[in-house]
Amino acid sequence: MKIDVKRVKIVVTVPVEDTEKVREAICRAGAGVIGNYTDCSMMTKCTGTFIPNDEANPYLGERGKLEYANEDKLEVVCDVDKVKNVLVKLREVHPYEEPAIDIIPLIDESEFI
């Protein structure tokens, strides 16, 4: 079976206080469209952990110390041709120096019909 990936899911963790700003920016850039609906997203509460190294400029926490951060995992679907612009906008508004971003290819259900 040859599968043509036309959409992806973009997943990013965001400090709770910045979730709406990030969600709005990526939806304005073209993510979060499902059929006749825009601004479609899923948010899940989570706790992120990290240790900034000596070269880091952390938004939260201190270099060399384990940090626990209250975050939202924000998920949106996105057409492949819009991903680059969405990522640019995401990085413009995301407060982290190194946001954790996953891009997951999606298989359209029509591939199985």
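Computed from a prediction, not measured in an experiment: that's the story for all the values here.
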Chemist: Contact between Ile101 and Leu87 at the side-chain level, heavy atoms closer than 4.5 Å - yes or no?
Modeler: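 The answer is yes; the side chains approach within 4.5 Å.
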Chemist: Looking only at non-hydrogen atoms, find the nearest pair between Val93 and Ala25 and report the distance.
Modeler: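 Taking every non-hydrogen atom into account, CG2-CB, 3.7 Å.
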Chemist: To check you understand the geometry: which heavy-atom pair defines the closest contact between Pro15 and His94, and what is its length?
Modeler: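 What the structure gives for the nearest pair is CD-CE1, 4.1 Å.
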Chemist: State the CD-NZ distance between Glu92 and Lys21, to the nearest 0.5 angstrom.
Modeler: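 The CD atom of Glu92 sits 11.5 Å away from the NZ atom of Lys21.
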Chemist: Starting from Val16, can I reach Met43 by hopping between I/L/V/M/F/W/Y residues whose side chains sit under 4.5 Å apart?
Modeler: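 No, it is not one cluster - the side chains of Met43 and Val16 are not joined through contacts under 4.5 Å.
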Chemist: Can you name the nearest heavy-atom pair linking Pro52 to Lys65, along with the distance?
Modeler: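 Looking at all heavy atoms of both residues, the closest pair is CD-O, 3.6 Å.
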Chemist: So, for Gly32 and Val76, which heavy atoms are closest and what is the spacing to 0.1 Å?
Modeler: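 Residues Gly32 and Val76, closest heavy atoms: N-CB, 4.1 Å.
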Chemist: Answer yes or no: is there a side-chain heavy-atom contact under 4.5 Å between Glu71 and Thr47?
Modeler: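 No, every pair of side-chain atoms sits at 4.5 Å or beyond.
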Chemist: Is the count of non-hydrogen atoms from other residues, nucleotides or ligands lying under 6.0 Å from Glu17 atom CD greater than 12?
Modeler: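 Yes - once you tally the heavy atoms of other residues, nucleotides and ligands closer than 6.0 Å, there are more than 12.
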Chemist: Give, for atom CD of Glu24 and atom OG1 of Thr19, the distance between the pair rounded to the nearest 0.5 Å.
Modeler: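 Rounded to the nearest 0.5 Å, the CD-OG1 separation comes to 12.5 Å.
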Chemist: Does Val11 have any side-chain contact (heavy atoms from CB on, under 4.5 Å) partners at least two apart in sequence or in another chain, and if so, which?
Modeler: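 Val11: side-chain contact (heavy atoms from CB on, under 4.5 Å) contacts with Lys9, Lys73, Glu75, Asp102, Ile104.
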Chemist: Do you know which two heavy atoms are closest between Val86 and Ala29, and how far apart they sit?
Modeler: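 Val86 and Ala29 have their closest heavy atoms at CG2-O, 3.7 Å.
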Chemist: What do the steps show when you test Val8 against Val83 for side-chain contact (heavy atoms from CB on, under 4.5 Å), and what is the final call?
Modeler: CA-CA 8 Å; Val8 299; Val83 171; 3.5 Å; yes
Chemist: Quick one: do Arg63 and Asp54 make a salt bridge, cutoff under 4.0 Å?
Modeler: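 No, this pair does not count.
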Chemist: Considering only heavy atoms from C-beta outward, does the side chain of Cys78 approach that of Arg7 to under 4.5 Å?
Modeler: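 No - every pair of side-chain heavy atoms lies 4.5 Å or more apart.
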Chemist: Quick one: side-chain hydrogen bond (donor to acceptor under 3.5 Å, both in side chains) partners of Arg23, sequence neighbours excluded?
Modeler: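 Per chain and number, Arg23 pairs via side-chain hydrogen bond (donor to acceptor under 3.5 Å, both in side chains) with Glu20, Asp39.
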Chemist: As an exercise, state the distance from CD1 of Ile103 to CD1 of Ile10, rounded to the nearest 0.5 Å.
Modeler: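 If I round to the nearest 0.5 Å, the distance is 6.0 Å.
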Chemist: Side-chain heavy atoms nearer than 4.5 Å, only ILVMFWY residues, links allowed to pass through others: does that put Leu106 and Leu90 together?
Modeler: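 Not linked; separate clusters.
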Chemist: Are there more than 12 heavy atoms of other residues, nucleotides or ligands under 6.0 Å from atom NZ of Lys6?
Modeler: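 Counting neighbours around NZ of Lys6, 12 or fewer heavy atoms of other residues, nucleotides or ligands fall under 6.0 Å, so no.
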Chemist: Which ring pair (Phe, Tyr, Trp, His ring centres under 6.0 Å) pairs, counting each pair once, include a residue from residues 40-83, with sequence neighbours left out?
Modeler: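 Those involving residues 40-83 are Tyr59-Tyr96.
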Chemist: Considering residues at least two apart in sequence or located in another chain, which fulfil the side-chain contact (heavy atoms from CB on, under 4.5 Å) criterion with Lys84?
Modeler: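 Listed in chain order: nothing, the list is empty.
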Chemist: As a test of understanding, state which of Ile34, Val77, Val33 forms a side chain to side chain contact (heavy atoms under 4.5 Å, CB included) with Cys40.
Modeler: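 For Cys40, the side chain to side chain contact (heavy atoms under 4.5 Å, CB included) test succeeds with only one of Ile34, Val77, Val33, which is Ile34.
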Chemist: Checking Ala100 now: which residues fulfil side-chain contact (heavy atoms from CB on, under 4.5 Å) with it, not counting sequence neighbours?
Modeler: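 Per chain and number, Ala100 pairs via side-chain contact (heavy atoms from CB on, under 4.5 Å) with Thr13.
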Chemist: Under 3.5 Å, is there a donor-acceptor pair between the side chain of Asp79 and the main chain of Lys82?
Modeler: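 No; zero donor-acceptor contacts below 3.5 Å.
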Chemist: To the nearest 0.5 Å, how far apart are CG in Asn70 and CG in Leu60?
Modeler: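 One finds 9.5 Å between CG of Asn70 and CG of Leu60.
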Chemist: Show the nearest heavy-atom pair for residues Ile26 and Leu74, with the distance to one decimal.
Modeler: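 Minimum heavy-atom separation between Ile26 and Leu74: CD1-CD2, 3.9 Å.
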Chemist: Please list, chain by chain and in numerical order, all residues satisfying side-chain hydrogen bond (donor to acceptor under 3.5 Å, both in side chains) with Ser110, sequence neighbours excluded.
Modeler: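 Once residues adjacent in sequence are excluded, the partners of Ser110 under the side-chain hydrogen bond (donor to acceptor under 3.5 Å, both in side chains) criterion are Asp108.
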Chemist: Counting only heavy atoms not in Tyr37, do more than 12 sit closer than 6.0 Å to its OH atom?
Modeler: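 No, not enclosed.
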